[in-house]
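In what follows, a single structure is set out as structure tokens and then discussed.
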Amino acid sequence: MDYLNYYRSICHSELSELPIVNFYKEIISGKRKVLPPGTWEKGENVIIIVRYALEVHLGLKKEQIPKINRAVIKEQKLWGALNRFKSIPKLIQFVYPGRYNEFDFSRVPINYWNNTQNIRDRLEWHLQKEGIRIEEIPQKVNYDLLIKWRFSNPLKRYGDSPFRLIDTLYPGVFKETDFKKIPYHYANNSNFLREQFLEMLERENISLEDAPKKVTQQMLIKYRFSAALKTHQNSPSKLILSLFPGSFSADSFHMRPNGYWKDISNVKRSIMDLIEKEGIAEEDVPKVITKKRLMQEGLGGLLNEYNGSPIEIVNAVFPGKYDITEFQRVPNQYWHSQKNRVQALRTFCEKRKIGRESLPLLNRAYFRKHFPRFISMVDRHYDSKFYRWIMESFPEHTFQPEEFNLLVGIDGQLCDSKEELAIHNFLVQTIVSAKVERESQRFMNNRYEEVYIPDWVIYQNHRKFIIEYFGLYGSNRYKTYTEKADRKMEFFQSLKDYEFIAIMPDDFREKGFRRIVSLLISKGVQLNVHSSYCY
């Protein structure tokens with residue numbers, strides 16, 4: 001095997017001069033149709049040709065090599081090597097022994113997850129890497145983290161339940177309630193709920209007899225009875241009566257008559273009493289009248305009547321007095337409506353007398369100082385591009401790109417930075433017979449409720465490519481940039497109709513676009529690359 005290791009270690013210049021490489025070059029150029037008979041039967045030929053194809057011809061980085069797919073095998077005329085080893089991982093592990101493990105490849109081996117010990121070994125590898133002790137699993141290992149660690153297959157085998165998966169790996173070590181999220185079916189398990197309720201009373205030093213008067217909705221939520229409350233119309237009394245039938249009567253609870261909260265005079269009286277008691281200033285009402293405060297005051301029934309929304313309650317008591325942005329939280333999916341997003345900015349600017357000439361100054365730094373709550377909305381629905389929100393909200397104004405410090409590519413399309421402009425012009429000039437569209441499509445990641453607008457979508461030879469430049473990846477400039485970039489990459493890679501190409505900061509900064517050329521070619525993009533871009 002020593003002679004094989006010699007071919008695994010020689011430099012690119014020596015590799016390129018070996019006789020078998022000359023035959024391979026003729027195959028790639030089309031001068032020759034097949035390699036000499038028996039080429040792939042010799043281990044040294046496999047190592048030499050595969051190394052040359054991946055490292056020299058494609059210029060792939062170390063971490064890119066195990067990600068190759070059958071399309072790359074086909075383009076690089078490596079079917080003979082693949083036929084010998086039957087799978088890409090086995091081929092790569094032969095050429096680069098000991099360099100990669102199962103998780104460096106796009107897919108783990110078939111039936112890998114059938115072996116529980118494999119799952120446990122891989123989990124403990126991640127735990128050790130992250131410095132998480134076994135006993136800390138319930139507090140630190142959740143569904144999202146397991147997905148990030150590529151445990152989606154094992155999770156599906158156990159009903160997408162982290163507890164069921166962990167309980168299989170470590171039988172009897174943990175209880176359901178040790179985990180942050182209790183399995184859904186426990187909300188209907190009376191025995192489990194009764195045991196947890198009595199444990200809560202013991203911790204709070206409340207006797208069972210005093211439970212109707214001392215157990216509040218807020219206390220139940222604190223002890224993770226939210227799901228059980230929902231099945232009982234968010235009513236502590238109904239939950240307690242169901243857990244201890246015959247122990248209490250309705251008179252044991254501070255209950256209001258049916259229909260009490262349908263009378264607006266009762267609503268106004270309760271809210272005004274709360275405002276007066278707390279000495280709340282008029283302008284602070286939207287910030288102070290929160291769901292938490294209402295539940296602390298025993299007004300859960302009022303919340304139920306108004307769909308659990310403090311905003312609806314305040315607007316009912318003070319119709320038209322407060323704007324939606326004055327409240328601590330907006331209703332779920334409120335920002336999904338373009339109308340709501342537009343109205344929010346127009347109202348914000350109107351109240352602050354912000355005119356047309358000042359609108360382009362409304363950027364991330366401005367809102368971080370004056371109204372940070374808008375930032376996450378713009379990140380989710382405008383891909384962090386504030387100028388898009390402004391232009392959408394004020395269509396009557398004719399804004400020029402330079403007013404937002406935007407840059408114009410050679411084909412007239414807009415770019416956000418000098419780096420994006422350089423990449424855009426390169427793509428337009430070098431991609432053969434293709435349509436290059438910048439920021440033209442919107443994709444919804446329902447799992448995270450995020451809208452993604454890729455930097456470029458390329459149409460070439462009936463194929464579609466998404467190209468994204470992650471210019472601030474790993475930077476501390478924007479706190480959540482890298483985390484969102486990881487979610488984007490996972491999402492774009494999942495799209496069946498598109499090939500995804502990620503350009504990282506180091507890829508761009510390599511002189512002459514050589515690394516970007518390699519990335520594009522590895523995904524099958526046809527280029528007309530001039531020498532000025534390669535050297």
Side-chain angles (χ1 to χ4, degrees), residues 200 204 213-226 229-230 233-237 239 253-257 259-337 339-341 343-354 362 366-380 449:
M200 176 190 72
E204 294 290 333
K213 293 181 172 59
K214 293 187 177 181
V215 173
T216 64
Q217 192 176 50
Q218 184 65 23
M219 183 186 298
L220 289 167
I221 290 172
K222 174 185 174 183
Y223 284 91
R224 303 171 67 194
F225 283 88
S226 300
L229 276 169
K230 285 182 181 178
Q233 299 174 313
N234 287 317
S235 168
S237 61
L239 172 60
F253 299 86
H254 295 299
M255 302 177 70
R256 294 176 172 87
Y260 182 84
W261 295 120
K262 294 186 182 299
D263 187 339
I264 189 62
S265 64
N266 293 332
V267 178
K268 289 182 177 179
R269 183 167 54 253
S270 296
I271 295 300
M272 295 307 296
D273 286 347
L274 175 58
I275 291 172
E276 184 177 345
K277 182 179 77 170
E278 299 292 335
I280 301 171
E282 183 178 303
E283 63 272 15
D284 293 333
V285 168
K287 298 180 180 65
V288 176
I289 303 299
T290 63
K291 195 170 186 177
K292 179 179 180 181
R293 175 61 63 86
L294 292 169
M295 288 192 294
Q296 287 173 340
E297 295 296 323
L299 298 174
L302 172 58
L303 274 168
N304 292 338
E305 183 65 31
Y306 285 85
N307 304 310
S309 170
I311 296 174
E312 289 188 24
I313 295 171
V314 172
N315 284 336
V317 177
F318 306 99
K321 187 175 182 65
Y322 300 103
D323 182 71
I324 191 72
T325 59
E326 297 180 68
F327 293 85
Q328 281 194 353
R329 295 186 62 184
V330 297
N332 288 338
Q333 299 190 344
Y334 182 82
W335 296 123
H336 285 218
S337 164
K339 178 182 176 181
N340 291 340
R341 299 194 300 266
Q343 188 58 51
L345 184 58
R346 294 185 73 95
T347 301
F348 179 88
C349 294
E350 182 181 345
K351 287 191 173 184
R352 291 157 181 81
K353 295 182 171 52
I354 299 173
L362 304 185
Y366 173 88
F367 285 111
R368 186 182 292 119
K369 180 178 180 181
H370 296 285
F371 202 75
R373 289 170 55 202
F374 278 148
I375 291 177
S376 61
M377 182 275 290
V378 175
D379 285 345
R380 282 178 178 272
E449 293 188 345

*With a cut-off of 6.0 Å (strictly less than), are more than 12 heavy atoms of other residues, nucleotides or ligands near CD of Glu312?*
yes
*Would you say the side chain of Trp335 lies within less than 4.5 Å of the side chain of Ser376, judging by non-hydrogen atoms?*
no
*Does atom NZ of Lys214 have more than 12 heavy-atom neighbours from other groups under 6.0 Å away?*
no
_If you define the side chain from C-beta out and look only at heavy atoms, does anything of Ile271 sit under 4.5 Å from Leu294?_
yes
*Verify, without hydrogens or angle tests, whether Arg373 (side chain) and Phe327 (backbone) share a donor-acceptor contact under 3.5 angstrom.*
yes
*Going from CD1 on Ile313 to CD1 on Ile264, what distance comes out if it is rounded to the nearest 0.5 angstrom?*
9.5 Å
*Under a 4.5 Å cut-off applied to non-hydrogen side-chain atoms, are Cys349 and Leu345 in contact?*
yes
*Angle class for the Tyr322/Phe318 ring planes (parallel below 30°, perpendicular above 60°, tilted otherwise)?*
perpendicular
*asked:* So, taking the atom named NZ in Lys292 and the one named CD in Gln218, what distance separates them when rounded to the nearest 0.5 Å?
replied: 6.0 Å
*Looking only at non-hydrogen atoms, find the nearest pair between Tyr306 and Ala316 and report the distance.*
CE2-CB, 3.8 Å
*asked:* Can you confirm whether Ile289 sits close enough to Ile280 that some side-chain heavy atom of one is under 4.5 Å from a side-chain heavy atom of the other?
replied: yes
*With the side chain counted from C-beta on, respond yes when Leu299 and Met295 share a heavy-atom pair under 4.5 Å apart, and no when they do not.*
no
*At their closest point, which heavy atom of Pro236 faces which heavy atom of Thr216, and how far apart are they?*
CG-C, 4.3 Å
*Measure across Lys287 and Glu326 and return the closest heavy-atom pair with its distance rounded to 0.1 Å.*
CG-O, 3.8 Å
_Below 30° counts as parallel, above 60° as perpendicular, anything between as tilted: where do the rings of Phe374 and Phe367 land?_
perpendicular
*Minimum heavy-atom distance between Pro310 and Lys291, given as atom pair plus value*: CG-N, 3.4 Å
*State the CZ-CE distance between Arg269 and Met272, to the nearest 0.5 angstrom.*
12.0 Å
_Check: Tyr366 and Ile354 side chains under 4.5 Å, non-hydrogen atoms_ = yes
*List the steps, then state whether side chain to side chain contact (heavy atoms under 4.5 Å, CB included) holds for Asn234 with Leu303.*
CA-CA 9 Å; Asn234 287 317; Leu303 274 168; over 6 Å; no
*Heavy-atom side-chain proximity of Met200 to Leu220 below 4.5 angstrom*: yes
*asked:* Using 0.5 Å steps for rounding, measure from the CG atom of Asp284 to the CD atom of Glu278.
replied: 12.0 Å
_Is any side-chain heavy atom of Leu274 closer than 4.5 Å to one of Arg293?_
yes
